[in-house]
Structures are given as C-alpha cells and as structure tokens.
> 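This structure is in structure tokens; I'll ask about it shortly.
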Protein chains: 2
Amino acid sequence: MAVAARRKFRREGEERRRQDLIEATLDCVAENGLQGATVRAIALRAGVTAGLIRHYFPGKEELLQAAYATTMGRMTELAKTALATVEEGPRQRLAAFVAASLVPPVIDVRTFSIWASFIGRAGSDPALGMAHRAGYLGFRDEVEALVAEVLADAGRQASAGELRRHAIAINAIIDGLWVEGCLAGDMFANGELAEIGIGSVEAMLGLRLRQGDVS
Amino acid sequence: MAVAARRKFRREGEERRRQDLIEATLDCVAENGLQGATVRAIALRAGVTAGLIRHYFPGKEELLQAAYATTMGRMTELAKTALATVEEGPRQRLAAFVAASLVPPVIDVRTFSIWASFIGRAGSDPALGMAHRAGYLGFRDEVEALVAEVLADAGRQASAGELRRHAIAINAIIDGLWVEGCLAGDMFANGELAEIGIGSVEAMLGLRLRQGDVS
DNA sequence: GCAATATTTATACACTTGCATAACAACGTC
DNA sequence: GACGTTGTTATGCAAGTGTATAAATATTGC
C-alpha cells in the first residue's frame, strides 16, 4: 500500500521565506483583493503549506500589515530614488520627480490594486489611516521642499501658506494622474501623463521647469 | 415548553427592499471592505434574514454589482446637479463644478471606502474596469466641454489636443484633492480644498474663474 | 554517519461562508 | 372571515476560513 508520500521541501532562510510570503500575499491581494488573500491561497502561491505562515507571522493579520508596509515602503523608495538620481538644478529635479511618478514602475495596475484594497479600509482601520497619513505627509513635505527650492531658484519668495497650497495641489495632480494612469494606462500615449503633469505644475507655479524645451 | 417564536415581519414593497438591501451592502463595504459584506452581515443590517437576499438577487455577486452601480450613479448625479444649479457664465459654472466636487457630500469617507474597495478589483475584473472607464470618460467629457466653453468665453481658441490635456489635468487635480479630502478631511480647513482646486484650474487655464474675487 | 534542532508538512477543529430548501405568516381577494 | 399567494423566516449543508497541534524531515555540528 502506497503510504501517502510526504511532500519534499527545502529549508529557506528566515528572511527569504518572510519575503516570499509577503510577495505571495501581495500577488493574492492584487489579483482578488483582500478576500483573495486567504492563508491557503497565499501558501499555495509561495510554494509552501498553509501552516507555515503561522511559523513566521503571529497570524494572518500581521502578514497583511507587513505586506502593506512593504508596498508603502517601495512606493516612497521609488520616489526618493527619482529624486536622488537627478543632480541638476531644482527645476529639473522637480520635473524629474513628477515625471518619475507618472511612468512605470510607479504607474502599475498591480500596485494600484494593492493600494486601493488596503486604503479602502483606512477610514475604519485607525492603523491603516495613520499609515496613509504618514506616507502622504512625507510625500507632501518632499514636494514642498522641492517647490521651495524651485521658487528660491527663480528669485521668488513664497509664504508658508502659499508653499503649502502649492504642495497640496502638486501632490493632488500627481495622485490624480497616477490613479488614471494605473487604471487606464492604454488610454494615454507614452509619456503623455508625465508631460501633462509637468505642464500643469509649470502652470501652477508660473514658471518653466524644463530649460531646453520649447513647445 | 416555549416553542421558539418565529420572528415577526412586515412585507415591504419590492423596490423598497431592494434599496434597503443595497444600502445595507454599502454600509458593510464602507465599514469593513468587501470582506465585511457577507450575506449575514448585510441581512442583519437591513433588518431581515439572510435568505431574503436570494429572493431579490440571483446571488451575492449581483447584489454587490447593484450596490456598486448605485454609488457610481450617485456620484455622477451629484456632479451633474452641481452643474445644473449654476446658471451664470461658463467660468462660474466650471468653478462651481470644481468646488462642488471638493466639499461634502462628494467629499466623504464612506463613499471613498466603497469606491476604493470596488476599484481595487478593476484591474482584474473586466466588468468593473469597463464601468470605471465609462464613468471616468463621462466625467472627463463633461470637464472638456466646460473648458471649451470657458476658453471660448475668454476669446481663446484651443486645439483638440489642448482641450484634451486640460480636461485630463483638471480631472486629475479634482480626483487627487478628492482622495486626500476623503482620507484626511480634518487636515484641511473648510473650503480649502475647493479653493486650491479652483486656483489650480485658473493657473492651468491662465484665466480667472471668479469675477469679484480679489485675492 | 549520527544526533539535535527547528523548519516544514499534515491533519484536525471550530467557525463562517454562500446557497438550497421547507415551513410559515402577512397581505390582498373573495 | 376564510383562502391562496408569496414575501419572509428558519434550518441545513457542503465548502472554505483561520488557527492549533503533532508528526516528519532537512539541515547543522560533531
């Protein structure tokens, strides 16, 4: 009688397994929302059995939190990278920042699905709400600092209130274009969203960000 | 021996019950996401028993679709109402449109939670994706028509491409401010978002929308 | 090779899920 | 007031849920 053969397995490093589980979780969420992120579906995707999840996380809830924190971290990291790679003047840096936020890999359905799935519960889940707020404010402060540099570079002076308003508005247009780009990327030509984003920021600040660009 | 007394009930009209069930569904989704929208939770909130749901809808899926359609309809209806109530010139109408989108009841956590919960699955669920696209394009067309009127009123002429870009950008800033307002309304003063929105649109179009407003 | 360890699998359990069905009672009609 | 219609409740079921626990095996150090 063939005794049911036990499944072969390999022991992976702790950090590696954690990461795999988180990635599998994000895949599940992206495809079928939080509903689709069941321990069994996650385990299947990670190539392990369901029980293992509880060896690395106290429970499913903690795994989801870790997964959300991971995506948040990735998004802000991408934005900061875009900032760090441009060494030219403030205007080019702001333009690069806006543009980077409006092309892949920041524009991405998968990321958007995950973001929406989690953020939908930010209203009722205080922890999620705080996490979003922190991320948003961090992003906005970045924008505000950038705007301040740009205006200073142009020899203009802005009050704290003006700076704040500019940061809010610029942040909003990036967010709005990001959402649309993620949801209906095929409706826009390559680079069109970045173009519109930069153009809008220029209009709002009343100065050009791209030097050689005559249009 | 007290035989378990059967629950008293009233027969409501068909349309009334449908609407109640949809409303209960939206409440559940708003509070706990799609996960929270179980037939039992919905029924409890609607004041009926779970089985009744299947008397009015083929299944839970159809109830969710109906609920989503309802919110979509409400949002576009609110926008159109804002448009219809202003009879003055094109500029005032555009300003009113923007402002109406950035104050309650359009700015509302509950609506946002519902929107996010559903839209998160637009990437994988074709029906949802199409529904969003239709709604978005409808909204954008409205904006585009409005912008065309405004520019004409200002004696300016714009190519189709310019109009399209303006519509996309204005739509984006409304969306972006809407998201932030819903998620963190307490961070903004009353009317601040509307103010920022209108100001941004003015900057993008290069003309003022509010006549008497000297700031 | 061999034992010790703890990662991983397998199984079980209590609970929830959506749905099917049958019993019931509220309402309109005569 | 009796009566049939059907909106509504109650109950049951199979599948799926997260978690707890024990058994098994891959890996490490000797």
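Worth saying up front: this structure is predicted, and the values here are computed from it rather than measured.
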> Just how far, in rounded Å, is C1' of dT7(C) from NZ of K8(A)?
16 Å
> Salt-bridged, R133(A) to D186(B), with N to O below 4.0 Å?
yes
> Return the value, rounded to whole Å, for the distance between atom CD1 of I53(A) and atom C1' of dA10(C).
15 Å
> Under 4.0 Å from any atom of DNA chain C, heavy atoms only: list the residues of residues 38-45 of chain A that qualify, in numerical order.
R40(A)
> Which class fits the ring pair F112(A) and W115(A): parallel under 30°, tilted 30 to 60°, perpendicular over 60°?
tilted
> Which whole-number value in Å describes the distance from Q35(A) CD to dG16(D) C1'?
13 Å
> For salt bridge (Lys or Arg N to Asp or Glu O under 4.0 Å), just list the numbers for R16(B) and E23(B), CA-CA rounded to whole Å, side-chain angles, deciding distance to a tenth of an Å, and then say yes or no.
CA-CA 10 Å; R16(B) 169 71 188 279; E23(B) 212 55 51; over 6 Å; no
> Is any side-chain N of the basic residue among E31(A) and R45(A) closer than 4.0 Å to the acidic one's carboxylate O?
yes
> Has the side chain of E202(A) got a donor or acceptor atom that lies under 3.5 Å from a matching backbone atom of L209(A)?
yes
> Can you classify the ring geometry of F97(B) versus F139(B) as parallel (below 30°), tilted (30 to 60°) or perpendicular (above 60°)?
tilted
> Is E12(A) paired with R10(A) through a side-chain N to carboxylate O contact shorter than 4.0 Å?
yes
> Give a yes/no on whether any side-chain N or O of Y56(B) is located under 4.0 angstrom from OP1 or OP2 of dG7(D).
no
> I need a per-nucleotide contact map over nucleotides 20-25 of chain D, read 5' to 3'. Cutoff is protein heavy atoms under 4.0 Å; write B for the base, S for backbone only, - otherwise.
S--BSS
> Regarding R121(A) and the six-membered ring of Y68(A), is the cationic atom NZ or CZ under 6.0 Å from the ring centre and inside 45° of its axis?
no
> Without decimals, in angstroms, what is the distance between L21(A) CG and dT7(C) C1'?
12 Å
> Mind checking if E12(B) touches a base, just sugar-phosphate, or nothing, with heavy atoms under 4.0 Å?
sugar-phosphate
> Would you please confirm or rule out a distance under 4.0 Å between OP1 or OP2 of dT7(C) and any side-chain N or O of H55(A)?
yes
> Measure CG/L52(A) against P/dT11(C) and give the value in whole Å, please.
17 Å
> How close or far is atom P of dT27(D) from atom CZ of R10(A), stated in whole angstroms?
7 Å
> For the pair made of CG in D20(B) and P in dT8(D), what is the distance, rounded to whole Å?
10 Å
> Is the closest basic N to carboxylate O distance between R164(B) and E192(A) below 4.0 Å?
yes
> In whole Å, I'd like the distance from the NZ atom of K60(A) to the P atom of dG16(D).
15 Å
